[in-house]
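Beneath this line is the structure, given in structure tokens, with notes to follow.
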Amino acid sequence: MRTEYQFREIEKTWQGFWEQNQTFKAQVNPNKPKYYVLDMFPYPSGAGLHVGHPLGYIASDIMARYKRLQGYEVLHPMGFDSFGLPAEQYAIQTGQHPAITTEQNITRYIEQLKNMGFSFDWSREVRTSDPSYYKWTQWIFMQLFNSWYNQASDKAESIDTLKDILATKGAIGLQAVCDEEVERISAESWHAMTEDEQYAYLLNFRLAYLDDSVVNWCPQLGTVLANDEVKDGLSERGGYPVEQKKMRQWSMRITAYADRLLRGLEEVDWSDSLKEQQRNWIGKSIGTDVEFEIEGISDKKIKVFTTRVDTIYGVSFMVLAPEHEWVAELTKPDQQADVEAYITWTKSRSELDRVSEVKTVSGVFTGTYVINPLNQERVPLFLADYVLAGYGTGAVMGVPSGDQRDWNFAKHFDLPIPAILDAQKEIEKQADNTKEGKYINSGLINGMGYKQATETLIQWLEERGIGKGKVQYRMRNAVFSRQRYWGEPVPVYFKPNAAGQLLPYLIQESELPLELPKIDKYLPTETGEPPLGRAADSWKYQGQYDYEWSTMPGWAGSSWYWYRYMDAQNGVEFASAEAVNYWKAVDLYIGGSEHATGHLLYSRFWNKFLKDLGYVAEEEFAKKLINQGMIQGRSNFVYRLKNSDQVTFVSHGLKDQYDVAALHVDVNIVENDVLDIAEFKRSRNDVPADAQFILEDGKYICGWEVEKMSKSKFNVVNPDDLIAKYGADTLRVYEMFLGPLEQFKPWNTNSISGSHNFLRKVWRLFFDEQAQKSIVVDSPATPEELKVLHTAIRKVQDDLDRYSFNTVVSTLMICVNDLGQLKCHSKSVLRELVLLLSPYAPHLAEELWVALGEAAGSISHASFPVFNPTFLEENEFNYPISFNGKVKLTLAFSATASPAEVEAGVLANEQVQKHLDGKAPSKVIVVPKRIVNIVLGK
RNA sequence: GGCGAUGUGGUGAAAUUGGUAGACACGCUACCUUGAGGUGGUAGUGCCGCUUUAGGUAUGGGAGUUCGAAUCUCCCCAUCGUCACCA
């Protein structure tokens, strides 16, 4: 038996034990309630884990262990999102297959994760780049290809039901999500089509579809990117410029689910900020489409979308996006030169320029006028790039009195700013978007209020067929192709129809997985085709048809992985119905907030789709989500004397007295901001052995600053080093003790010794290290000990139930401190304490559990201590006595004393009388078992 | 600019329904113990003031509600996140 806290040996022993005995293997167990706790699986990067990564994993592991003790069957898996750009970029440079790099990185990750003592069920590990996994990603793609969205039933259905509808009723009146331009054919026309033509027509409705769309093209990465992979006009990975380009691409009709994605947010327990980000991304606006006639052109009308149709009498101009397809036609000859110059100028501006010059007004008159349908007024038609081609109709009605951008535009081009509401103020100075007051100068709606005016106008427009109430979403369909190698192949091949046009067809399900072919180089082909084009000669469907050469985006494999964990080895289904119906959905999902609009939105989309098809049980896949705060770096600095022949460093507190330059210093040779000078000299080439140090109190104190954690700033802290020094249990306790899980915080190793000392203190309740013997006794617990213990049981349970991981550590510390004071070595108390501690410090808990005579390994599936309130009952309560809200003293009264008795007792007290100083209180407030407040009049 | 969040000692933080602000931990001070790898213990530590005692003051700033506000309401300031000419 170990009588010293030798954490290295202890941790190694138990990690080996867990692995050997498969202690954390989960299984479908109908006799137990289930709990599914999931971490966002990592991309296995070459750098390995840093100290920020485990934060969320520690929290989820604590929940997993806590729920096991509460009698749940817990699913707590881990895997790897192993397709991605870095491995491929590395392959381009070295020629090494990305699978090899990926494999190496995963091995390293697993080793690091195992060192932390996580209770993962490793038998369920998944890797998105493994064919046995991406077989099912491809399978889901096939289901999407074979489905359409029926707005009548408000769900996705098999494409066969669409065929039936087309055959019987045609597309007239069909409520389906598709492109607006799709021709509404009759049943007769459907029957008149050839099979090829019908197939081509159906492509317009599939949830996975090919489309010419304007995409974010990144030349340096040689691929298209989704909107959420572009930040400020630059690629999120690498920071390369991104341009707009029209390309034929696979897309996903996520917009079909816009409203359900919005509504679903109400039933999940996610943070407000995250839900709000998703709402903004979906961007629902309720408004009206209105058609404006064009002067001199009778066969066309310009359609605008507005959320404020009530302001239509205030229109003094109209603006089209420069990319609008009618621009050429609508430009009058004498304006042609100006318009062309403007379009050329807008094209020359990068996405970045546009974003950074939001406030500048630019635009050009087309020479054309349009007619306001309400008052027949003629208003000039402009082009301006503040109108976006991709949103709404690409046309906007200008209402300068109510919209600041329109106001700026009107001022710039000297256009009228008519008032429309009597409540608008100072519209000659700025726009006023109020909805208050009564309408003026507004024909039909004069004298009405906002609501009535809007309803009246929509009705008026709809009756005449020139307008319609409409819901508009900002969210676009998701581009699903990437011109890269290291991703899932799309299970599609192209076959020409009678006219020689290539149409996409799915391969057979039995042919899955469609594996990545070997290629010579991981670069685009000489003709600019994606890397898979290099395999073209040998890699053909049925030996003759080209496969799709682009691969799936990074988010494909991560949009359903929680289901694979449920039944990871299944060879015939992505997961069995039995597994899906038992585990259902994730009860607790922990990961970074950077996935707010990417992964979390796409995952919800795929989940809803799979639900529609009846493959999964729940509409929302993650009931509760916590975003762990990012851990920032905490850099240390030394201050080098400028203009000195001798290399000299000045301690932080004295630096203001000298002329110094701050230099980063490796945080790993600094402890509590005190520099290890010998190590500093040894590790740096630029610091000679005779360097001078101006110290304060005999120490060199470093300055510090919060920055991003990065190698160049010498502030990366590796968890392996800390585990070697203090043990995994200490690291786990310390990371939780840092503060609330959700909070952003700088990493600071300074106070880790407190957590380590705490675990040593626990150890000393069990062992006398000097005498090298156990000091646990069988004697019954005293009332004081039971009170201390049960106070902790209650608080630990309450805090874990509200995910307050940091305060649990404090509670355990207080409990251990108090038991130490009481010199408690009673077995019955210590047994419960070990259970409380075990989710946080599992290795230590296992060791102590055995020391108490329990069976090895049985602590993981033991029962959580039961709180007993009778141990906390007190005969007396110490009332704080306050005067006008300020506490001056405390007085003890019987816990059962009535408020009147307490009041009488307080007023009879000598000290209270002294504070009263002869004055009579105007009121005495007694809150039982809380406080007494004596109110003194002024 | 919109939206969301946050603001408490030298530091990380706690205060769950409004009820003794600063638990717990780091750091620091003093003393005892120990004496080779991040020892153990005792006491103290928000700020101002005092020899000690009183006492005063304090949760970004200002106002308000209340017997009582870190907590609720309004205005302002700062920081972080996010979207960003979305009609």
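Note: hydrogens, waters and symmetry copies are ignored here, and every other heavy atom, side chains too, is used. Every chain is numbered from 1 and lettered A, B, ... according to where its sequence line falls, protein lines coming before strand lines.
- Taking atom CD of A:Glu291 as the reference point, atom P of B:rA87 lies 20 Å away to the nearest angstrom.
- Between the side chain of A:Asn477 and the main chain of A:Thr255, a donor-acceptor pair closer than 3.5 Å is present.
- A:Ser755 comes within contact range of no nucleotide atom at all, as no heavy-atom separation falls under 4.0 Å.
- Residue A:Lys886 is the one, among A:Lys886 and A:Tyr473, whose nearest nucleotide of RNA chain B lies closer to the 5' end (criterion: closest heavy atom).
- Counting only distance, with no hydrogens or angles, the side chain of A:Arg8 and the backbone of A:Ala724 share a donor-acceptor pair below 3.5 Å.
- Side-chain N or O atoms of A:Gln404 include one that pairs as donor or acceptor with a backbone N or O of A:Ala431 at under 3.5 Å.
- Side chain of A:Tyr734 to backbone of A:Asp729: no donor-acceptor contact under 3.5 angstrom is found.
- Distance CE (A:Met475) to P (B:rC86): 19 Å, rounded to an integer number of Å.
- Taking atom NE2 of residue A:His595 and atom P of nucleotide B:rG81, one finds them 17 Å apart after rounding to whole Å.
- Atom-to-atom, CG of A:Leu274 to P of B:rC83 comes out at 12 Å; the value is rounded to the nearest Å.
- The CG-P distance, from A:Asn280 to B:rU82, rounds to 13 Å in whole Å.
- Rounded to whole Å, atom C1' of B:rC85 lies 16 Å from atom CG of A:Leu383.
- Annotation: cation-pi pair A:Lys435/A:Tyr450 present, NZ/CZ under 6.0 Å from the ring centroid and within 45° of its normal.
- A donor-acceptor contact under 3.5 angstrom links the side-chain atoms of A:Arg930 to the base of B:rU17.
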Restricting to nitrogen or oxygen on both sides, can you table the protein-nucleotides 65-76 of chain B pairs closer than 3.5 Å?
unit_1 : atom_1 : unit_2   : atom_2 : d
B:rC67 : O2'    : A:Asn933 : ND2    : 3.0
B:rC67 : O2     : A:Asn933 : ND2    : 2.7

Please write out the pairs of protein N or O atoms and N or O atoms of nucleotides 40-43 of chain B separated by less than 3.5 Å, giving the distance to one decimal.
unit_1 : atom_1 : unit_2   : atom_2 : d
B:rU42 : OP1    : A:Gln821 : NE2    : 3.4

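- Between the CG atom of A:Asn433 and the P atom of B:rG1 there is a distance of 15 Å, rounded to whole Å.
- For A:Phe805, there are no ring pair (Phe, Tyr, Trp, His ring centres under 6.0 Å) partners, not counting sequence neighbours.
- A distance-only check finds a donor-acceptor pair linking the side chain of A:Ser271 to the backbone of A:Leu274 [under 3.5 Å].
- Side-chain N/O atoms of A:Ser635 and A:Asn715 include a donor and acceptor closer than 3.5 Å.
- Of all heavy-atom pairs spanning A:Thr393 and A:Phe305, the tightest one is OG1-N, 3.7 Å.
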Close N or O pairs between protein and nucleotides 8-14 of chain B (under 3.5 Å):
unit_1 : atom_1 : unit_2   : atom_2 : d
B:rG12 : O2'    : A:Leu738 : O      : 2.5
B:rA13 : OP1    : A:Gln743 : OE1    : 2.8
B:rA14 : OP1    : A:Asn806 : ND2    : 2.8

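- A:Tyr386 has no side-chain polar atom (N or O) that falls below the 4.0 Å cut-off from OP1 or OP2 of B:rA87.
- With B:rC24, B:rC26, B:rU20 as the choices, the nucleotide that has an atom nearest any side-chain atom of A:Ile931 turns out to be B:rU20.
- In this structure a side-chain-to-backbone donor-acceptor pair under 3.5 Å is present from A:Trp407 to A:Ile427.
- The side chain of A:Arg474 lies closest to B:rC83 when the candidates are B:rC83, B:rA87, B:rC26.
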Which dot-bracket string describes RNA chain B (Watson-Crick N1-N3 plus N6-O4 or O6-N4, or G-U N1-O2 and O6-N3, all under 3.5 Å; [ ] crossing; | other strand)? (((((((..(((......[....)))((((((.......))))))(((......)))..(((((..]....))))))))))))....

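- Residue A:Tyr726 is in base contact, counting any heavy-atom pair closer than 4.0 Å across all strands shown.
- Residue pairs meeting the salt bridge (charged side-chain N to carboxylate O under 4.0 Å, His left out) criterion with at least one member in residues 388-410 of chain A, sequence neighbours excluded, are A:Asp403-A:Arg405.
- Among the nucleotides B:rA87, B:rG2, B:rU20, the one closest to any side-chain atom of A:Arg405 is B:rA87.
- With rounding to the nearest 0.5 angstrom, the CG atom of A:Leu819 is 4.5 Å from the SG atom of A:Cys815.
- Glycosidic conformation of B:rG9: syn, with the torsion inside 90° of 0.
- Comparing B:rC83, B:rU16, B:rG56 by their nearest atom to the side chain of A:Lys888 picks out B:rG56.
- What separates CG of A:Asp272 from P of B:rG4 is a distance of 9 Å, to the nearest Å.
- Side chains of A:Asp385 and A:Thr346: no donor on one and acceptor on the other come within 3.5 Å.
- Counting all heavy atoms, side chain and backbone alike, A:Val319 lies closest to A:Phe409 at CG2-CE2, 4.3 Å.
- Put simply, the side chain of A:Lys284 never gets that close to the backbone of A:Tyr473: no donor and acceptor are under 3.5 Å apart.
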